[in-house]
Amino acid sequence: MVRTPLTPWERERGERLGALLRAARGERSMVEVAAGAGLSAETLRKIETGRAPTPAFFTVAALAGALGLSLDEVAVLATPPEAAPGAAVDAVA
């Protein structure tokens with residue numbers, strides 16, 4: 001299976017998500033937060049560093065819960081300020 005390359009917007013969104021999770025984690029260890037979310041520390045490390053910029057929804061939801069973040073907060077804070085792909089189409093419709 002060949003994976004479609006990520007767009008610059010998707011890469012930026014992944015970087016923003018990683019930064020948000022790092023900031024929300026604060027002084028807690030990766031191991032502690034990952035265990036609370038039911039993930040491996042390596043998975044959390046990859047997301048925080050942008051090496052896994054498009055984690056599954058349930059992974060993001062589990063991390064948000066472990067960090068006390070709402071999914072609304074995560075969606076807003078991790079989305080780059082410029083319009084999302086397809087937004088121009090939605091605006092016209």
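Predicted, not measured: the structure shown is a model, and the values here were computed from it.
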Legend entry - Ala62: partners by side-chain contact (heavy atoms from CB on, under 4.5 Å), with sequence neighbours left out: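 With neighbours one apart ignored, the set is Ala37.
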
Legend entry - Counterpart residues, side-chain contact (heavy atoms from CB on, under 4.5 Å), relative to Leu20 (two or more places apart): Leu69, Val74, Leu77

Legend entry - Test item: Thr4 and Glu10 side chains (from C-beta on) under 4.5 Å apart, heavy atoms: no

Legend entry - Min side-chain heavy-atom separation Pro5-Arg11 under 4.5 Å: no

Legend entry - For the student: nearest non-hydrogen atoms of Leu6 and Pro53, plus distance: CD1-CG, 3.1 Å

Legend entry - Over all atoms of both residues, closest heavy-atom pair of Ala66 and Gly36: CB-C, 3.9 Å

Inset, instruction - With rounding to the nearest 0.5 Å, note down the distance linking CG in Leu17 to CG in Leu21. - result: 4.5 Å

Legend entry - Residues Arg25 and Glu48 bridged, charged N to O under 4.0 Å: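 Answer for the salt bridge query: yes.
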
Sub-3.5 Å donor-acceptor pair from the side chain of [X] to the main-chain atoms of [Y], do we have one?
X	Y	answer
Thr79	Ala75	yes
Arg45	Met30	no
Thr59	Pro55	no
Glu12	Trp9	no

Legend entry - Cluster check Val76, Leu71: I/L/V/M/F/W/Y, side chain < 4.5 angstrom: no

Inset, instruction - Take Glu32 and Glu27, measure what side chain to side chain contact (heavy atoms under 4.5 Å, CB included) needs, and give me the verdict at the end. - result: CA-CA 10 Å; Glu32 176 185 346; Glu27 296 297 317; over 6 Å; no

Inset, instruction - Give a yes-or-no answer on whether the side chains of Thr7 and Arg13 include a donor-acceptor pair shorter than 3.5 Å. - result: no

